[in-house]
Every structure is written in structure tokens, then in C-alpha cells.
2 protein chains.
Amino acid sequence: MLRLSKLTDYATVILSFMAKDTTAFHTAIEIASATGIALPTVSKILKLLVPARVLVSTRGAKGGYALADTPDRITVAAVISALEGPIALTECSISHQGCEQASGCGIRGNWGVINQAIQDALESVTLADMIKPAMAPEEILIPVASLYR
Amino acid sequence: MLRLSKLTDYATVILSFMAKDTTAFHTAIEIASATGIALPTVSKILKLLVPARVLVSTRGAKGGYALADTPDRITVAAVISALEGPIALTECSISHQGCEQASGCGIRGNWGVINQAIQDALESVTLADMIKPAMAPEEILIPVASLYR
DNA sequence: TTAAATAAGACTAAAATAGTCCTAATTAGC
DNA sequence: GCTAATTAGGACTATTTTAGTCTTATTTAA
């Protein structure tokens with residue numbers, strides 16, 4: 001389905017909650033109860049976002065997590081790659097080794113072009129954009145049905 | 001990893017083979033031996049591409065599969081949605097029902113914007129583009145590392 | 001009538017993902 | 001120092017998805 005994992009989906013919910021109060025540190029417990037996502041899951045996601053430089057953390061009593069930057073400087077691309085690894089549609093976009101399609105596969109380079117387009121799209125959207133009021137969903141739903149006409 | 005399935009990857013290999021001889025009908029056996037992909041797998045992919053209007057099929061002796069249109073009119077988006085369903089990054093982009101994040105999720109609409117951008121990127125690339133000689137891979141690899149700086 | 005081919009879908013096995021839990025390390029406050 | 005609160009790290013299990021195979025039915029040319 002070309003879809004990202006639930007963890008990434010949760011991550012955007014968590015980050016949009018945190019973006020409402022940029023400076024403060026939030027504990028995992030606080031975030032779990034505010035978002036309704038199970039605590040161990042919240043904790044796992046928060047831990048993944050720290051090495052990716054999306055969040056910063058402080059240990060110990062009065063510790064917690066905070067955004068590493070302002071919401072307009074945190075891109076969706078950064079969040080996705082933190083949770084799912086490099087953004088690349090095909091295996092051979094990451095590494096050219098081990099591709100067994102000896103003949104008939106002169107395609108890799110062109111996948112790269114597509115990957116780049118998607119990368120650009122994801123980098124152009126920031127957390128600040130995500131927390132803006134949503135547009136009417138009807139206007140922006142993808143007309144998938146049209147593909148089958 | 002925001003990546004598409006192997007089936008879709010195989011599909012592009014199969015279609016690029018077929019695009020070299022647009023008019024002819026190819027049997028599943030012929031395609032399997034030409035591409036090196038296992039026959040049952042080739043067969044499965046070909047069958048998925050027929051209802052999606054990417055291929056047409058003829059049964060019986062002298063039957064086979066052929067492209068439903070010229071390569072420049074078959075988009076990557078059509079191939080992906082044939083094999084993986086609607087192009088939508090998050091569950092709630094497909095259906096707004098059953099989203100349990102009652103509070104804190106004013107995000108759906110904005111995912112739609114991202115989905116649309118990706119959709120556009122995938123629709124703008126056709127099978128004809130894919131079979132052009134690939135550019136040097138080094139030039140187009142996604143600079144993932146830069147996300148972590 | 002027979003042989004060659006697709007159609008449909010059930011089924012199995014493998015892999016990825018989600019989610020939970022436990023133990024260690026760190027820090028503020030008493 | 002001691003204790004409580006909190007993150008860090010990683011092991012582990014269960015679930016779901018995906019890949020791949022197989023069988024039977026249908027269609028058509030010769």
C-alpha cells in the first residue's frame with residue numbers, strides 16, 4: 001500500500017502534541033495519557049526520535065523529552081527516516097550490491113528520480129505545517145478510482 | 001522504510017521487458033525465463049495487472065499477455081496501485097472511519113497534502129521513462145545521511 | 001479432441017512489525 | 001547519601017503482512 005508504519009503515524013501524533021508547547025519537557029507518561037497511545041509504545045517512539053535529533057531528552061527526576069528545534073524546522077522526512085530508515089522505494093535504491101536481476105534491470109537509476117521526488121515532497125512539509133488546521137478532507141483525497149477508469 | 005513490495009519491484013522488471021516489444025503477446029513462461037523471476041510469481045503479478053488495466057490477456061493456445069497501452073501512457077502510479085492498493089501513507093487517508101485518536105489528531109487533512117504530492121510524483125513517471133537508459137546512480141542517490149546532521 | 005495457455009483462489013512459509021517487559025543508568029530533591 | 005522519578009538499552013513474543021506455491025477450472029487454436 002506504499003504506506004508508512006503505525007509507529008510513524010503515532011510519532012506524528014506525539015510530535016504534534018509536543019509542538020503545542022515547544023519549550024517544555026514532557027514525560028513519556030504525560031504524552032501517553034494525552035494522546036491515548038500505550039505507554040511502552042510511546043516510550044519506544046520517543047527513544048527512536050532522540051538519536052535522529054528530532055527530540056532531546058533529559059534523564060532523571062524532572063526529566064523528559066522536548067523538541068530539538070522549532071516545529072518549522074522539523075521535516076516530515078526526518079521523522080519518517082528516524083522511524084523507518086532511509087526513504088527509498090526499492091531495495092536497490094539503498095545499495096546496488098546483491099541485485100540479481102542481471103539482465104532486464106536497467107531501472108535502478110530511474111527509481112532514483114522517483115525517490116528524489118518523494119524525498120523532496122516529504123522534506124517540504126514541516127511539523128509546523130502538520131499542526132495547522134486541516135483542510136476539508138474531501139478536497140484533498142486522492143482520486144485513486146480514476147486510475148482504474 | 002516507506003518502500004514498496006518486491007512484487008511491485010518485479011512488476012516493473014516484467015513490464016520493462018514487455019515494453020521492448022509492445023504489440024506482441026508474451027506468455028508467462030516466456031517472461032519468467034527472460035526475467036529470471038519464478039514462474040508462479042510472474043503469473044501472480046501478471047494476473048494482478050489485468051484488472052488494473054495495465055495489461056490485457058488472451059486465454060488458450062497462442063494466448064498471453066500484452067500491454068494495454070503504449071509505454072508512455074502507463075504510469076508508475078497505476079502499477080503501484082494495482083499491486084499494493086491505493087497510494088496513501090496513513091490508514092486514515094483511505095478512510096476516516098475507525099480513527100480512535102479522538103483528541104490530538106487534527107492531522108489527517110495534512111497527510112492528504114503529502115499523499116497528493118507523492119501521487120503526483122508517481123503519476124508523472126511512465127513506463128517509457130523507466131526504460132530509458134538510467135542515469136549514473138551516484139548522481140541521484142538520496143542524501144539520507146544529511147538528515148542526521 | 002487435445003494441448004497450451006490464463007483465471008481464480010486456497011494454502012504455506014517466511015519475514016517484518018508492533019507491542020511489551022525487564023534491568024541499568026541518571027538526576028533532583030530531601 | 002538515599003530515594004523516587006525518569007530515560008536508556010535491549011531482549012522477547014505475538015501478530016500481521018508478504019511472498020511464494022500449488023491445484024483446479026476455463027478458454028481457445030489447431
Side-chain angles (χ1 to χ4, degrees), chain A residues 1-11 13-14 18 24-33 35-68 80 82-86 88-91 94 100, chain B residues 1-11 13-14 18 24-33 35-68 80 82-86 88-91 94 100:
Chain A
M1 274 221 202
L2 187 71
R3 128 179 126 192
L4 26 83
S5 68
K6 281 187 191 174
L7 267 331
T8 307
D9 206 352
Y10 292 161
V13 174
I14 290 171
M18 295 179 77
F25 273 73
H26 304 272
T27 67
I29 293 170
E30 177 194 352
I31 293 168
S33 75
T35 59
I37 302 167
L39 175 58
T41 303
V42 169
S43 188
K44 183 179 186 174
I45 293 167
L46 293 171
K47 277 184 274 189
L48 284 168
L49 291 171
V50 172
R53 311 278 171 92
V54 173
L55 297 179
V56 292
S57 64
T58 308
R59 283 187 170 195
K62 303 258 175 181
Y65 296 90
L67 296 182
I80 291 175
L83 278 98
E84 319 207 9
L89 295 182
T90 55
E91 205 59 62
I94 302 168
E100 305 298 329
Chain B
M1 273 220 202
L2 188 71
R3 129 178 127 193
L4 24 84
S5 69
K6 280 188 191 173
L7 266 336
T8 308
D9 206 352
Y10 292 161
V13 174
I14 290 171
M18 294 178 77
F25 273 73
H26 304 272
T27 67
I29 294 170
E30 177 195 351
I31 293 168
S33 73
T35 59
I37 302 166
L39 175 59
T41 304
V42 169
S43 188
K44 183 179 187 173
I45 293 166
L46 293 171
K47 276 184 275 190
L48 284 168
L49 291 170
V50 172
R53 309 277 171 93
V54 173
L55 297 179
V56 292
S57 64
T58 308
R59 284 187 170 197
K62 303 259 174 179
Y65 295 90
L67 297 182
I80 291 175
L83 278 98
E84 319 207 9
L89 295 182
T90 55
E91 205 58 62
I94 301 169
E100 305 298 328

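Chain letters run A, B, ... following the sequence lines, proteins first and then strands; every chain starts at 1.
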Among D:dT7, D:dA19, D:dA30, the nucleotide that comes nearest once only the side chain of A:Ser57 is considered: D:dT7

Side-chain-base donor-acceptor pair under 3.5 Å for A:Arg59 and C:dT27: no

Nearest listed nucleotide, side chain of B:Ala61, among D:dT7, C:dT6, D:dT28: D:dT28

Closest-nucleotide ordering on DNA chain C, the 5'-leading residue of A:Thr8 and B:Val50: B:Val50

OG1 on A:Thr41 to CD1 on A:Ile31, rounded to 0.5 Å: 13.0 Å

Distance-only donor-acceptor test (3.5 Å): side chain B:Lys44, base D:dG20: yes

Side chain B:Lys47 and base C:dA8 donor-acceptor under 3.5 Å: yes

side-chain contact (heavy atoms from CB on, under 4.5 Å) between B:Glu30 and B:Phe25, intermediate numbers included: CA-CA 10 Å; B:Glu30 177 195 351; B:Phe25 273 73; over 6 Å; no

Rounded interatomic separation in angstrom, taking OH from B:Tyr65 and P from C:dT6: 5 Å

Atom-pair distance (CG on B:Leu4; P on C:dA16), nearest Å: 15 Å

Phosphate-side-chain proximity, A:Tyr10 and C:dG19, N/O vs OP1/OP2 below 4.0 Å: yes

Atom-pair distance (CD1 on B:Ile14; P on C:dT6), nearest Å: 12 Å

Interatomic distance, A:Ile45 CD1 vs D:dG9 P [rounded to whole Å]: 17 Å

Phosphate OP1/OP2 of C:dT20: any A:Thr41 side-chain N/O under 4.0 Å: yes

Integer-rounded Å distance: C:dG19 P and A:Asp9 CG: 11 Å

Distance test, side-chain N/O of B:Thr58 to OP1/OP2 of C:dA5, below 4.0 Å: no

Interatomic spacing from CD1 in B:Ile80 to CG in B:Leu7 - rounded to 0.5 Å: 13.0 Å

